[in-house]
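Just follow the structure's listing: the first ligand is 1, and inside any ligand the first atom is 1.
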Amino acid sequence: MNTALPFFETKHAQLVEALNAWCKRSLAADEPEDVDAACRDLVQQLGQAGWLRYCVPEAYGGVLEKLDSRALCLIRETLAYHAGLADFSFAMQGLGSGAITLYGSEDLKQTYLPKVAEGEWIAAFALSEPEAGSDVAAMTTTATLEGDTYILNGCKTWISNGGIADFYTVFARSEPINGARGISAFIVPSNTPGLQITERIEVIAPHPLATLRFENCRIPIEQRLSEAGSGFKVAMQTLDIFRASVAGAAVGFARRALDEALQRAKQRQLFGQSLADFQMTQAKLADMATAVEASALLTAQAAWTRDIQGKPTTQEAAMAKMMATESAQQVIDSAVQIFGGLGIQHGTITERLYREIRALRIYEGATEVQKLIIARSLLKGSTT
Ligand code: COS
């Protein structure tokens, strides 16, 4: 994103400059063989360099007074430009701990957030279930209160950082009501007896991903976030922040694809001229650059609205996520086309980007869910 735009402050421009330099120095370009080890290392590296301090507020080891959506988006854009797995590791520290920042008791904040910021503890967000992905309110994992302890039973799947996380933000049905109002949120340490990783899930852009099973996991009532029954709102408000940051990551992936394509188009010679001399290539490049800038603007607007106007940004974040992820997919596809066969060869940047972008149109609310959210918000605000 262009940090000279009025959405941003000097601190944002300085942040991007410093992070860019760090990425060039510190991040490996190749995809690792052992993603678990790589992600553990990345969290440590990001923590030691101070970047994870943007995932928590100042009072708990953060850099800025409160979670700053613009900083989160810019960091994800920059990391995604350089290395998808670094973006993943950063994003999960934020998403996995975001609900603690928003709704945790003072004790929970003091215990968990500084460790997240230092990269000492790895965080995860456990919302989806085999029969409750887009339809979160259909979840069946239960949390039954016995005295001062909740007993958790059920299954969560597609959990990023599953298997390497030190704790999970888990959503479960605690009240005898169907639908959104019966859900509560809990912080569950990964060494809780009865919590097992039952399956590792392999995907086209590898990262730690797993199915978890909870069998009579005993969780003290103090580990619950906010009021009993408020878990759905806890989840949605956490996602409102991090969906905008997914858009930031998509802009980073797309911008990298555009830069690679520009370079290739200028260098590649065919039919006695460069690829860039063909109007068909120029039209592609123009569409790509326009899509990147439009996505960056919507992303900056969503982040700015939250930071400065302090308004709920459900609709803005959904628009940014939908636009940025969908158009990044097209931008990257065009870059692959410009590279020709080389674009799909294992180990090339375009091939990696082509695989990495796909999940962003699905996770943290598929494009179809974002459309639902936008339309509902428009209709609610409609006076006709
Ligand atoms: N902020 C605060 N409150 C919200 C909210 C938000 N962003 N979104 C919904 N709510 C509230 C509603 O106001 C409603 O409150 P009341 O019961 O007090 O009226 C309640 O939550 C239920 O909302 P709604 O009726 O809209 O819920 P639905 O079951 O229809 O679900 C969608 C709405 C589809 C938007 C939701 O299930 C969703 O986001 N799904 C995708 C989940 C996702 O991102 N999964 C990926 C997991 S992380 S990789």
Undergrad: When you measure from atom 18 (O) of ligand 1 to each heavy atom in Met139, Glu129, Arg181, which option holds the nearest one?
TA: Arg181
Undergrad: For ligand 1, which atoms, with element, lie under 4.0 Å from some heavy atom of Val136?
TA: 37 (O), 40 (N), 42 (C)
Undergrad: If the cut-off is 4.0 Å to any non-hydrogen atom of Ala137, which atoms of ligand 1 fall inside it?
TA: 29 (O)
Undergrad: Determine whether the aromatic ring centres of residues Phe171 and Phe125 are separated by less than 6.0 angstrom.
TA: yes
Undergrad: Tell me the protein heavy atom at minimum distance from atom 10 (N) of ligand 1, and give that distance in Å.
TA: Phe232 CE2, 4.3 Å
Undergrad: According to the interplanar angle, ranging from 0 to 90°, do the rings of Trp304 and Phe7 count as parallel (below 30°), tilted (30 to 60°) or perpendicular (above 60°)?
TA: perpendicular
Undergrad: Would a line drawn from the ring center of Tyr112 to the ring center of Phe167 be shorter than 6.0 Å?
TA: yes
Undergrad: For ligand 1, which atoms have a heavy atom of Leu127 less than 4.0 angstrom away?
TA: 47 (C)
Undergrad: Could you tell me the residue and atom name of the protein heavy atom closest to atom 7 (N) of ligand 1, and the distance to it rounded to 0.1 Å?
TA: Asp240 OD2, 3.0 Å
Undergrad: Among all protein heavy atoms in this structure, tell me which lies nearest to atom 2 (C) of ligand 1, with the distance rounded to 0.1 Å.
TA: Gln237 NE2, 3.3 Å
Undergrad: To which protein heavy atom is atom 8 (N) of ligand 1 closest, and what is the distance rounded to 0.1 Å?
TA: Met236 CG, 3.6 Å
Undergrad: Look at the aromatic rings of Tyr54 and Trp51 and report parallel, tilted or perpendicular, splitting at 30° and 60°.
TA: parallel
Undergrad: Under a 4.0 angstrom heavy-atom cut-off, which atoms of ligand 1 come close to Ser128?
TA: 47 (C)
Undergrad: Just which atoms of ligand 1 are under 4.0 Å from any heavy atom in Arg376?
TA: 24 (P), 26 (O), 28 (P), 30 (O), 33 (C)
Undergrad: Using the ring pair (Phe, Tyr, Trp, His ring centres under 6.0 Å) rule, take Tyr150 and Phe186 through it: C-alpha gap first, then chi angles, then the decisive distance, then the call.
TA: CA-CA 9 Å; Tyr150 279 98; Phe186 304 90; 4.7 Å; yes
Undergrad: Is atom 12 (C) of ligand 1 touching the protein, meaning some protein heavy atom lies under 4.0 Å away?
TA: no
Undergrad: Which of the atoms in ligand 1, numbered in the order shown and given with their element, are less than 4.0 Å from a heavy-atom of Leu239?
TA: 44 (O)
Undergrad: For atom 14 (C) of ligand 1, find the nearest protein heavy atom and state the residue, atom name and distance (0.1 Å precision).
TA: Lys233 CE, 4.5 Å
Undergrad: Which protein non-hydrogen atom lies closest to atom 41 (C) of ligand 1, naming both residue and atom, and how far is it?
TA: Ser134 O, 3.4 Å
Undergrad: As a test of the contact definition, would atom 37 (O) of ligand 1 count as having a protein heavy-atom neighbour under 4.0 Å?
TA: yes
Undergrad: Within a distance under 4.0 Å of any heavy atom of Ala180, pick out the atoms of ligand 1 and give their elements.
TA: 22 (C)
Undergrad: Going by the atom numbers of ligand 1, which of them fall below 4.0 Å from some non-hydrogen atom of Ile373?
TA: 35 (C)
Undergrad: Atom 49 (S) of ligand 1: which protein heavy atom is closest, and how many Å away?
TA: Glu364 N, 3.3 Å
Undergrad: Strictly less than 4.0 Å: does any protein heavy-atom distance to atom 32 (C) of ligand 1 fall in that range?
TA: no
